[in-house]
Each structure stands twice: as C-alpha cells, then as structure tokens.
Number of protein chains: 2
Amino acid sequence: MDVRPSFDTYIGSDGVTLDSRDVALLRAIDREGSLNNAADSLGRSYAHAQRRIVELEEAFGSLVERRRGGSGGGGSELTDTARELLAAFERTRAGFEGVADIAETVLAGTIVEREGELVTVETDAGNVRALVPEGDGDVQLSLRADAVTLTDPEDTPVPEHTSARNRFLGTVESIESGERIARIAIDIGADEPLLALVTEDSRAKLGLEPGSDVVASFKATATRGIST
Amino acid sequence: MDVRPSFDTYIGSDGVTLDSRDVALLRAIDREGSLNNAADSLGRSYAHAQRRIVELEEAFGSLVERRRGGSGGGGSELTDTARELLAAFERTRAGFEGVADIAETVLAGTIVEREGELVTVETDAGNVRALVPEGDGDVQLSLRADAVTLTDPEDTPVPEHTSARNRFLGTVESIESGERIARIAIDIGADEPLLALVTEDSRAKLGLEPGSDVVASFKATATRGIST
DNA sequence: GATGGTTATATCTATGTCGGAACAACGTTC
DNA sequence: GAACGTTGTTCCGACATAGATATAACCATC
C-alpha cells in the first residue's frame, strides 16, 4: 500500500486556532507592508482577512500594528508577538514534518506490565519499555529512526548509567547512505530490522558496515505505542 | 502567551487523503456491522458515507466488504487492509501527539557551517549539530524533551563511539516528578534549561537530584531547526 | 483643504459540504 | 414468492465559508 502520512499544523489559544492560512496571511502582511496588499497578493478578500486578524488578536494579543491615514494612506506591520507566534508555528510544523517524513519501524508485541502510561512490552527482540496511553494486550510500537542512537558495543554505558531504557545488541543488516545522512538497518531479532538515522559522520566514526555489531538504544519516553 | 500546538492527521494515497472523519467512519462500520448503522450512529448521511467509502477504496484498495441481501439484509465489515490503515493512522497520530504534547526547549543560535541539510549552529551552550532544511544566519533549534538522553558523566561513551553528535555536561536545575515519568531541567549554559523527559526509574538509577552533574546528549538527526 | 491609499464595516453572492429523503437492487430466510 | 434490512444511487436543501463590492473613517502630505 503506497501511503504517506501528512498533517495540518495549528496553534490554539483561548478557543481560536491559528492555521496555515492565517500564517500565510501574517507573512504576507510582513512582506507587503499592508493588510490590503497582503490580501490582494494572496487573492483573498480584504474584508475577511481584516476580520480574521481582529479575531486572532482577541485570542493571541496584538499581532498587527495597523495605521490608517498618513503617508501612503497607512499600513500594517507585525508585532513581536506575531513573529514569536510564526516561529512557534514553524517549529512545531518542523517537528510534525519529522514524524511524517522519517522512517519508523513497527514492533509488534504484548503488554506484560503497566504502570500508568509506562508499559513493558514483550516483543520478538526482547522486552521494550514504552509509552502507551491506554489498552492492554497486543500493541504496535512505533520507533522513529531519529530516536535510535547507536553506540560501540565496547563502549556503551551500563544500563544504570543511562536514561535510555531500551537497548539491543544487533548486527548491521544494510546501509542506505546519503550525502550527509545514513540510514542503518539493524537486525535485533525482530521481523523487521530496526532503522536508525545517523549522520554519515557518525556512521564513519563507529565504523559501521553491513555485518558490524552495534548497540541500538532508545528511550522509553520516545517510543510510543498503540493498542491493536 | 498561553498557546498550544495541535494537529490534524492524514494519510494520503493516490490523490485522496484519509482523515480523522474517515477513520471514525471505518471504526463505526467495524463496531456496528453495517454501513447503514455506522452512518446512523455518527449522525451522518448514509449516501455520502457510502460514496466516501467507494472513493477511498479507489485509492487504498478494498477496505470494506459489503454484502447486500441475505440474512439481516446484508452488512459490512473491514478488510485487513482497512485494519492496517487504521493502525498506521493511529501510529502517526500518536507520533504527532508526542510532538504536540512534549515540552521543547528552544535554542537560539547562528549557523556557522552547512553541509546539505546538516548544519552546525553556534549557541550559548556551544556548537550543536542539527537539521535545518534551508536558510542561513540565525536559527531556532527545537529540542524535544523525549529526544534527550541523560548519562552518568563517569560512564559516557567517548564521542567517537556514539551516534549522538551533541553532548553537553550540565547540572540539574530542577526536577518535576510525576508518578512514573520525570522532567529534568538541566543548565547547560544556555538562557533556558534543557528539558529531558525520562522515566522515574532512570532518574533514580542515575541518582539525579537538583545540583547533580549529568551529561545530556541528543542526536543531530533529532534536532530540527528553523531559520528566523 | 484636497488628495490618496489605507483601515474598518456591512452586505451580497457563488461555491462546496453535508444531512435528508426517496427509490431501486439485492439475496437470504421463511 | 413475499418480507426485510441492507447496499447503491440520485437529487434537494440547509448551512458555512469566502470572494466581491460598496462605503465610511482616517490622517500625513502636498
């Protein structure tokens, strides 16, 4: 099945939620110098754009400093609050993009212990600590490739000295090398190999090649599961 | 500013995108045993629900096995494809939820080197390797608290033996302890403390208390930035 | 004081979405 | 063969969204 996850980003405050459309409007105001030209450049109705800004400001505080009259008839520019809001939006969007873009490896298993959200899951590769909000029995754990850190088996801290609760010794199955980033597939005894995204730099320093032994570790708080 | 990120999850294939509304419909079919009752239980139009299912199936393959006539007049049930799709949706939703819910610490800095997406950023705490798709100059790095792993300063692998490209020695500033999970704020020399989400178990094993020395490390591929 | 381009506000209309109703087709059961 | 509750299909209308238009208010500049 050739599927691809995607998402819409929102930032909510006080009942109103700012979306990508609002972000585009704010950016256009910043670029064009006036709400009028901004709406125009986006092919959108000035009237609604103006009302929307007012609505957003009721929730987020002053966003656009608007002047009417004066030289050039007036104009508008973003406040610092608006710029912070835009940056926050972009940061969370980038975070979501990471989730959507980066490969995951799915680990099937069964919950054998639960302490609040924190569970212990029995999988083919061994026990895994993970966050599963609710449910019991069978689960699927999702491991983001950017959450897996690889270390040299000869120089890996003992479990008591690291906050990475999950660790597996495995052997490199294959490597997909990009310009600067490499995707390492590691056999840890499960059906599918564990994918780890590391810099090409790291791959070289660790001397990773197909067949290499390596320790893959990941945090319990970074592995999320769903009950199936 | 009391803001809160949120998101909508989608899964796209072949031009059509499945959203949470579609997921609700599929789940209702699974629960009710018929498309008719499913639409009814959701307070939605049967006609549109049926058309939507057909539309989804054109993109995702067979999702609902529908029988008309027969005992009870017929009925519908989900295919394995549909169940896999629901699980995939739920996994990515859980991933997004992590991004939206888990605290981030924002590190401001300037790009001093770029190799493709991979950049080196100069921050108050020192140089950080991160992924920043484009731009140069000033950036904001976003560090998810679940991406930071803590280790004992006495037993931390040397940089050549780990794929965690970023490491900082810091001191625990404060600890917010939950039932099973603790949020550790670590002073690493930046304006704001670095937040790390670890299990209470890990906190205890590492003996972390305010004032403790600790090494915080995180992967370059897990720290994403935006240019500001 | 006239000018000009802006903000502010109200209203109309086109469009798309979605629930609702109506009806045909289906096939097992009785 | 009648009954029944489903799927499949068409069409209508209510509603929300958003562009389009018109008009008033604003104010530094000339």
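Chain letters run A, B, ... following the sequence lines, proteins first and then strands; every chain starts at 1.
Taking atom CZ of R67(B) as the reference point, atom C1' of dG8(D) lies 16 Å away to the nearest angstrom. In this entry the distance linking CZ of R52(B) with C1' of dG8(D) reads 18 Å, nearest Å. Rounded to whole Å, atom P of dT7(D) lies 12 Å from atom CD of E57(B). Per the geometry, CZ belonging to R44(A) stands 6 Å off P belonging to dG19(D), to the nearest Å. Rounded to an integer number of Å, the gap from E32(B) CD to dG5(D) P is 16 Å. For R66(A) and dA25(D), the CZ to P distance is 19 Å, given to the nearest whole Å. Across the protein-nucleic acid pair, R68(B) atom CZ and dA3(D) atom P stand 20 Å apart, rounded to whole Å. Atom CG of L25(B) is separated from atom P of dT7(D) by 11 Å (rounded to the nearest Å).
Among D30(B), V23(B), L63(B), the one residue that satisfies the side-chain contact (heavy atoms from CB on, under 4.5 Å) test with L86(B) is V23(B). The side-chain contact (heavy atoms from CB on, under 4.5 Å) test with I53(B) singles out one residue from E55(B), Q50(B), E57(B), and that residue is E57(B).
Between chain A and DNA chain C, the heavy-atom contact criterion of under 4.0 Å yields a 5' to 3' nucleotide range of dG4(C) to dA10(C).
OP1 and OP2 of dG5(D) both lie 4.0 Å or more from every side-chain N or O belonging to N36(B).
Closest approach of I11(B) to A88(B), counting heavy atoms only: CD1-C, 3.8 Å. Summarising the geometry of A222(B) relative to A147(B), their closest heavy-atom pair is CB-CB, 4.3 Å, with the distance given to 0.1 Å.
Scored by the side-chain contact (heavy atoms from CB on, under 4.5 Å) test, A103(A) finds R183(A), L195(A) as partners (sequence neighbours excluded).
Mapping G73(A) and V54(A) onto DNA chain C by nearest heavy atom places G73(A) at the nucleotide closer to the 5' end. The nearest heavy atom of DNA chain D to N37(B) and to H48(B) marks one nucleotide each, and the one closer to the 5' end goes with N37(B). Between Y46(A) and A47(B), the residue anchored closer to the 5' end of DNA chain C is Y46(A), taking for each the nucleotide with the nearest heavy atom.
Residue pairs meeting the ring pair (Phe, Tyr, Trp, His ring centres under 6.0 Å) criterion with at least one member in residues 38-58 of chain B, sequence neighbours excluded, do not occur.
When heavy atoms are screened at a 4.0 angstrom cut-off, R21(A) is found touching the sugar-phosphate backbone but no base atom.
Aromatic pair F7(B)/F7(A): centroids not less than 6.0 angstrom apart.
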